[in-house]
Number of protein chains: 2
Amino acid sequence: MYRQISNNGHWSGQAGAAYSGAIVAQSGHLDALVALERIGTRLSFARNAEIYAEGGDSDYWYKVVSGSVRICKLLADGRRHIAEFCFSGDCFGLENGSERIYSAEAVDEVIIMRYRRSATEQMVDQHPSLARLLRDTVLRELSNAHGRMLMLGRMTAPERVAAFLLQMYERRARTKVLDLPMSRIDIADYLGLTIETVCRILSAFKREEVIAIPNPHRIELLDRCALEAINEAGGGAAI
Amino acid sequence: MYRQISNNGHWSGQAGAAYSGAIVAQSGHLDALVALERIGTRLSFARNAEIYAEGGDSDYWYKVVSGSVRICKLLADGRRHIAEFCFSGDCFGLENGSERIYSAEAVDEVIIMRYRRSATEQMVDQHPSLARLLRDTVLRELSNAHGRMLMLGRMTAPERVAAFLLQMYERRARTKVLDLPMSRIDIADYLGLTIETVCRILSAFKREEVIAIPNPHRIELLDRCALEAINEAGGGAAI
DNA sequence: CGCCAGTTTGACCAAGATCAACGCAAGTGG
DNA sequence: CCACTTGCGTTGATCTTGGTCAAACTGGCG
């Protein structure tokens, strides 16, 4: 049961103009976005630093500029669940209630934009297009969540790992060589498996020459079709 | 498959149940709601009828007036997954893409309101408050989905069944006597278990006098604290 | 070099799935 | 009215997947 979290992250105060991903990509609503940009603050966090804690106030929402973030929850008896990984361009921390149900942690070195919720609320009322943009972001998240529910509820361990690899392929670089910033424990807690099972299945895939594992954080997809076949059996990739 | 009852439903229909009235409950935006009402159509469906099919167009979204709806997906090899049960007041079919990823079916006799998406889109731009209302609805759904993910990924079978019973208690009548409109198979597919496991665990709860089962569709919560204790161990109820 | 965190592998175990039979109440048709 | 069917639900016996426990391996670093 080793699972420590190192010291805290640090700010780098200045408001920056870092553009990538979810909201910006599908825009065409530039004035609203520029205004949104103006109310954001740029922050940076060290590996394993806590971005916000379970139980804290949800006064802000965030957008990843670079690096990876995990949204997770630790149960009383040590079981952990990772609800989502967020990569550059992804939004997180958009919540309904006033209190965080999950915490957010930096998987590696992370830079994010932080937006005050109240300020966004006002802007959203003035810019219907921004409202729709935000709503679509949330709807996409909801659709992802449904895919993950299907995975956790009805897919076997190999199907889950295959789906995970394909998902990472789609969401990160669409290249044969996949670099995974997160640890095996993170992957296990994301897939609802144990670290040993994840290892064994990756090893099995390696044995079957479906993937290669030059080092633990780098996986090469040698035979993506094989992975897709495994995943297809379970109803298609989540996400 | 469905018959149209009358062109216009009425929102006041079933104010009441705790969880219900997603949109209505927190309103106070009457003009927008009345306008929304005007673009809705009231429909009714027979038990097990399909409200919309996987793969169909997502031109509409819906709100349950009475009865229960299941949002589900059938995999190629027969595995089935139920993403959500919707009871009176709940919205469903709000989606991002143009195509349905899940189907919706009537669990029992159901009456629903149907809203055209395009019409809603226009209204939403004119009524910022409605936009926020809709977004909050989706955010609540997202939060529920996260709870379910935790359950499917990290909770044991007894924890899931306990969580399910408590959830039904909260969402339907908050009375000792719980009537469950759905079948055991529906429950199993919702919890990511098999029908046999659900039966066995319900029987175990009955043996321990935590619940009584006067008939398959009626369960009495004799000892809600015991259920809560079981559920707590797994990180608290989903929803 | 030895230590430490993370990863991998093996042996064994148990939760839950699968397979099979039976119960039971609501139709249905003779 | 009574056999017969049909669709759930329940229970038992057995099997499999993935979890648990334990030990070995690897690469980085003081």
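Chain naming here is simple, since letters A, B, ... match the order of the sequence lines and numbering starts at 1 in each.
- Of the charged side-chain nitrogens involved, at least one lies within less than 4.0 Å of a carboxylate oxygen, so that A:Asp186 and A:Arg80 count as a salt-bridged pair.
- Between the CD1 atom of A:Ile187 and the P atom of C:dT8 there is a distance of 9 Å, given to the nearest Å.
- Contact annotation: the side chain of A:Met151 approaches that of A:Arg160 to within less than 4.5 Å [non-hydrogen atoms, C-beta and beyond].
- What separates CZ of B:Arg79 from P of D:dT17 is a distance of 12 Å, to the nearest Å.
- Whole-Å rounding puts the B:Arg184 CZ to C:dG23 P distance at 19 Å.
- Residue B:Arg200 places no side-chain atom within donor-acceptor reach of the base of D:dG9, judged by atom type and a 3.5 Å distance cut-off alone.
- Across the protein-nucleic acid pair, B:Asp108 atom CG and D:dC8 atom C1' stand 16 Å apart, rounded to whole Å.
- Residues passing the side chain to side chain contact (heavy atoms under 4.5 Å, CB included) test with B:Ala104, sequence neighbours excluded: B:Ile51, B:Tyr52, B:Val69, B:Ile71, B:Phe92.
- Within the 3.5 Å criterion, the main-chain N or O of A:Leu193 finds a donor-acceptor partner in the side chain of B:Arg154.
- The CD-C1' distance, from A:Glu196 to D:dT20, rounds to 7 Å in whole Å.
- Taking a 4.0 Å limit (strictly below) on heavy-atom distances, residues 203-222 of chain A does not reach DNA chain D anywhere.
- Salt bridge A:Asp90/A:Arg171: present, at least one basic N to carboxylate O contact under 4.0 Å.
- As rounded to whole Å, 17 Å separates atom P of C:dG6 from atom CG of A:Leu202.
- Whole-Å rounding puts the A:Ile195 CD1 to D:dG18 P distance at 17 Å.
- Taking the side chain as every heavy atom from C-beta outward, B:Met155 and B:Leu191 never approach each other to under 4.5 Å.
- Annotation: cation-pi geometry satisfied between A:Arg172 and A:Phe87 (NZ/CZ under 6.0 angstrom from ring centroid, within 45° of ring axis).
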Show me the protein contacts with nucleotides 13-16 of chain C, counting only N or O atoms at under 3.5 Å.
residue, atom, partner, partner atom, Å
C:dG16, OP1, B:Ala157, N, 2.7

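- Proximity of a side-chain donor or acceptor of A:Arg42 to a complementary backbone N or O of A:Ile111 within less than 3.5 Å is not detected.
- Between A:His81 and A:Tyr102, some side-chain heavy-atom pair lies under the 4.5 Å cut-off.
- Remark: P of C:dT7 and CG of A:Asp189 are 12 Å apart, rounded to the nearest angstrom.
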